[in-house]
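So you know, we letter chains A, B, ... as the sequences are listed, proteins then strands, and number each from 1.
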Amino acid sequence: MTDCFPESAVSGEIRLNEYQRAAVLDESPACVVNANVGSGKTTVLIEKILYLHLERNVPLERMIVLTFTNKAADEITARLLKREPGITPEQVRGFGTFHSVAMGLLKSDLPVEKAGWTKEFTVMDPDEETDLALDLIAEHGLKVKYKNRLKKRMEQEYQNWLLGKEESRYKDDLFRLYPLLEEEKKQQNKMSFADLLRVSTALLKNSRDAGGSEESRHPEWIIVDEVQDSDRMQLDFLEALRGGEKAKIFAVGDPNQVIYSWRGTGDNMFFLLKHRFGAKELTLPVNYRSNAAILEAANRFLQFGNRIQGSREAAERITVKNHYDPFQEAEYLAGRIRALHEGGKAYREVAVLYRLQHQSEILLKVFERYGVPCEVSVKKTWRDIPVLNWIVKVLRFSVNVSDVQTAVQVLTNPSYGEKCTKKKARDIVKNPESEAQYATGDQVRNAAGKGGAERLFWKMRGFERHFSGCTGDGMPSPEELFAYFELREALHPAEESYAEDERLVMDFLKKLCAVCAVRGDTAAGESGNRDFVKRVREFINSSALYGMKTDAGEKEAEGEHESADSSGKEEQPRNAVRLMTLHASKGLEFETVFLIGVNQGLIPLRCRNYEQEEEERRLFFVGITRAKDELELSWYTNPDEPGAIGEPSRYLRMIPEHLLKRADVRDEKQKMQNLRQLRREVQEQKRETQEQKREAQEQKKDEQEQLSGGRNSGQIRVRHRKYGEGVLLSEDDMMVEAEFPGYGKKQFLKAFGEVEIL
DNA sequence: GAGCTGTTCTTTTTT
DNA sequence: AGAACAGCTC
C-alpha cells in the first residue's frame, strides 16, 4: 500500500499520494471526492480520465466531463493534451461546461423538435431574455414589480415556477410571464442558458422513460469538477444523463469552498449530490500549496470534514496590519510590492484580494502613480465591445431569421447601421413584404431606393440563401462577408472610431472564417457540417456560451510593446500584480497574498442570517488559502466603506495569536499631504462614473419614451405658469411632456390643464 | 405628476 | 443606514 502509483503509461512522471490513488482507481457506481483546498483535485481528475482511457479501455468518447466554467474546461483539455498529445477534438466532444455539453446534445442527439424548437436554434444573450420579457410585459399589459431588478427576479423565482408554484412571492404577474416568454423563445427559435439545461434534461428523461434508448446515448462515465458550485438544475441534468444506473459518476468538489450559494439554492450541493446518487465519499486531505502557518489558520475556518494536512514545514507567521484608511494602505502596498519585486519576486506572484469590486479603484490609481504594474481581473469578451456585440447580432439574425428581437436590436442600434426608430424597425421586421420577392432577391435590389435599415434587413434575411451553396473551398472570405453586409457604410466611416471598429470587425470575421474552414476538415462525416451557414450558426452559438476571447483589452498594457504577434496563442498573463475580489480568486494561487479590508462589517459583509455568515466565513477561508508562502491581512482604523466599522474583523480573533505577527502602520503626516490630492481625484472620479450612470439611465428612459409615445420633432412651444415657456416633447391621450429651460423635463396630466400649447 | 408612507434590497458572478 | 421602489392620496 505504500508503493507509488504504478509507473505505467497512466501515471508517467506524476506521483500520487495514497488518497489520490484511491480516488483514481475507484470504480463505484457513484463516488464523490471531498477534495480539500490545494489537494491536487484537478490532477486526480486528469489521472482518472487517463486511467479509465488507457488502463480500463473506456473510449474518451464514452465519457462526459463537466465543469462549471469555461476556464476549468480549458484547463482540463489542455492538461490532458499535454499528457496525451494524440487526443483529437472529436474524442473530447463530451468535455466542457454543463451548458456547452447540453447544447451539444440538443444539436446532435436529442429530439429538440419535441420540445418546440428546431435543430437550427440559436443561444440567447442573458440580457436579451430580460429585454424580451420587458417587451412581453408591455405587450400583454402584465403587472410586474421591481422591473429594474427583473433579471435577478426572473432567475430567483424561475425554480419556484418550474416546481409548479402558482404565484410569485410579490403577488404580481411574473408567473404569467414565464409561459409567454417560453412560447416567444420557441417562436423565435432560441434558447436561454437555463433552457439549454432544462430542455436537454427533460428530453434525456423522456427518451429514457420511452425505453428506446440506444446504448450510445448514455455515457459510460460522467466526471464532474467543482460539484459544490452546481445548482439544482445541473444536478437534474446529471441524473438524466446518468440514465438510471447506466453510467458511473465521479465527482470532485470541496464543500468548504461554497461561495456562490447566494445565486443558487441554499443547500450545500456537495452533500445533496452525495445523497441523491448514494455516492461513496473519498477524501483528499493533503494540501500541497500553503505553508504550515497558513494551513493552521485555515483549519480554524473549516466547516466540513477533518483538518487539512500540510506537506510543508512551519514558516513565516501571518502578518496582520492596521492602516489608517484605504489611501494610506494603497500607498504602503505600492511601496511594499515594489520592494518585493526588487528582491526578486515576480509581480504575477503577488495578489491583492478584497471583498468588494470597487475597492480596486484606489489601488489602481495609487499603483499606477508608483509604477507598479497591476491588472484588475475582469475579462473582456466581445459582449463588452459595442461593435462586436452588434456584428454578432447581425450574424445571429442572419442564421436564425425567426429571431425578430435580434433583428430589431440590430436595426435600432444608435451607433451602427442607419438610424431607425423601434417602431419602424418593428414594421420592417414583423411585416416583411412579400416572401416571393425576397426569394428572387428582388427585395434587396428594391430596398436600394429605401432606407439603409431595410437594406440591411434584407441582406440578413437573404444570408442563408446567398451563402447556402458554400462548402469546402467555396467558403467566403472575411472581405466577402464585410462587403455582403455593406459594413463600410454601416460602421459609419465618418466617425472617429471607424478605423478601430473596422479592425475589430475584420479580426472577428477572420476568426469566424478560420474556424468554419477548420471545422470542415477535421470533422468530416456526419457531424461535419459541410454547409457554411450551419458552421456560422455553430460558431455564433458557441461564442455565446464561451464569451470568446478577444485581444482588444490587451492593448492597454503599458507603453512597452510585447510580442507583436498574439494570433492563435492563448493570452499570456502579463507580469503584473493581480487585483481581484475574493470570489474571483477561487481556484488560483499566489506566492504572496494581501487580503485587505478585514474589518468588521466588510469581511464578513453585513449578514442577514446564519447561513450568510457561514458563507462569508468560507469566503475568508478561500482568500487566505490562495497564499503559498506569505499572507498579510489588513484592516482600517477609518474605513471608507459604508457599513464597515473601524474594528478588526472577528475572523482575525479566530486565528491563534502564535500564528500572527502584528504590525501597525501609523500615519505619517508628510504622506497624508500627498494623499489629500489623491483623495480628491478619486472622489472626482467617483462623481464622474455616477454621472455617467445617470446619463445612461436617462438615455434608456428616452428610448422607452420614443417607443411608447410618438415623438414630436417639430418644435412646439408650450407655456406653464411656474416654469415659463418650454418645448413640447411628447403627448398622448392623458399626458403632456415638455422641457423647460432651467427646470428640465416635466410631465403634466392633460386633465389639469396646467400647460398651454402655443 | 407630486408627495407621502411603507417595503425591500444593497455585495459577490458564471453560463 | 440609505437608496430605490411600490402603492396610496390629492
Asks: For nucleotides 3-5 of chain B, list the nitrogen or oxygen atoms of the protein found under 3.5 Å from its nitrogen or oxygen atoms, one pair per line.
Replies:
none

Asks: Under 30°, 30 to 60°, or over 60°: which ring-plane class applies to Y651(A) and F620(A), parallel, tilted or perpendicular?
Replies: tilted
Asks: For dT15(B), does either OP1 or OP2 sit under 4.0 Å from a side-chain N or O belonging to K71(A)?
Replies: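 No, outside the criterion.
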Asks: Apply salt bridge (Lys or Arg N to Asp or Glu O under 4.0 Å) to E329(A) and list each qualifying residue two or more places apart in sequence or on a separate chain.
Replies: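 None.
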Asks: Can you list everything that forms a salt bridge (Lys or Arg N to Asp or Glu O under 4.0 Å) with D236(A)? Sequence neighbours excluded, please.
Replies: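 Per chain and number, D236(A) pairs via salt bridge (Lys or Arg N to Asp or Glu O under 4.0 Å) with R276(A).
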Asks: Using salt bridge (Lys or Arg N to Asp or Glu O under 4.0 Å) as the criterion, list what pairs up with R153(A), not counting sequence neighbours.
Replies: E157(A), D172(A)
Asks: In whole Å, what is the span from the CD atom of E226(A) to the P atom of dT15(B)?
Replies: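 Between P of dT15(B) and CD of E226(A): 12 Å.
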Asks: Holding to side-chain contact (heavy atoms from CB on, under 4.5 Å), I want the full list of residues that pass it with P639(A), two or more places apart in sequence or in another chain.
Replies: N599(A), Y636(A), A644(A)
Asks: With a non-hydrogen cut-off below 4.0 angstrom, is N70(A) in contact with a base, only sugar-phosphate, or nothing?
Replies: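 Contact class for N70(A): sugar-phosphate only.
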Asks: Measure NZ/K147(A) against C1'/dA4(C) and give the value in whole Å, please.
Replies: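 After rounding, the gap between these two atoms is 15 Å.
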Asks: Give me the distance, rounded to whole Å, that separates dA4(C) from dT11(B) when you measure between the P atoms they each carry.
Replies: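 Straight-line distance between the two P atoms is 11 Å.
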Asks: Which residues pass the side-chain contact (heavy atoms from CB on, under 4.5 Å) test with A251(A), not counting sequence neighbours?
Replies: V32(A), V224(A), V227(A), L273(A)
Asks: Quick one: E129(A) CD to dT15(B) P, roughly how many Å, whole number?
Replies: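 Taking atom P of dT15(B) as the reference, CD of E129(A) is at 17 Å.
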Asks: Test of understanding: with salt bridge (Lys or Arg N to Asp or Glu O under 4.0 Å), list the residues that count as partners of E589(A), not counting sequence neighbours.
Replies: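 By the salt bridge (Lys or Arg N to Asp or Glu O under 4.0 Å) rule, E589(A) matches R289(A), K628(A).
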Asks: Whole-Å distance between dA4(C) C1' and L150(A) CG?
Replies: 16 Å
Asks: Report each atom pair, protein N/O against N/O of nucleotides 8-12 of chain B, whose distance is under 3.5 angstrom.
Replies:
from: dT8(B); atom 1: O4'; to: Y146(A); atom 2: OH; distance (Å): 3.3
from: dC9(B); atom 1: OP1; to: Y170(A); atom 2: OH; distance (Å): 2.1
from: dT10(B); atom 1: OP1; to: K152(A); atom 2: NZ; distance (Å): 3.1
from: dT10(B); atom 1: O4; to: R608(A); atom 2: NH2; distance (Å): 3.3
from: dT11(B); atom 1: O2; to: R355(A); atom 2: NH1; distance (Å): 3.2
from: dT11(B); atom 1: O2; to: R355(A); atom 2: NH2; distance (Å): 3.2
from: dT12(B); atom 1: OP1; to: Q357(A); atom 2: N; distance (Å): 2.9
from: dT12(B); atom 1: O4'; to: R355(A); atom 2: NH2; distance (Å): 3.1
from: dT12(B); atom 1: O2; to: W262(A); atom 2: NE1; distance (Å): 3.2
from: dT12(B); atom 1: O2; to: R355(A); atom 2: NH2; distance (Å): 2.9
from: dT12(B); atom 1: O2; to: H583(A); atom 2: NE2; distance (Å): 3.3

Asks: Which residues pass the side-chain contact (heavy atoms from CB on, under 4.5 Å) test with A584(A), not counting sequence neighbours?
Replies: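 Partners of A584(A) under the side-chain contact (heavy atoms from CB on, under 4.5 Å) test: M580(A), T581(A).
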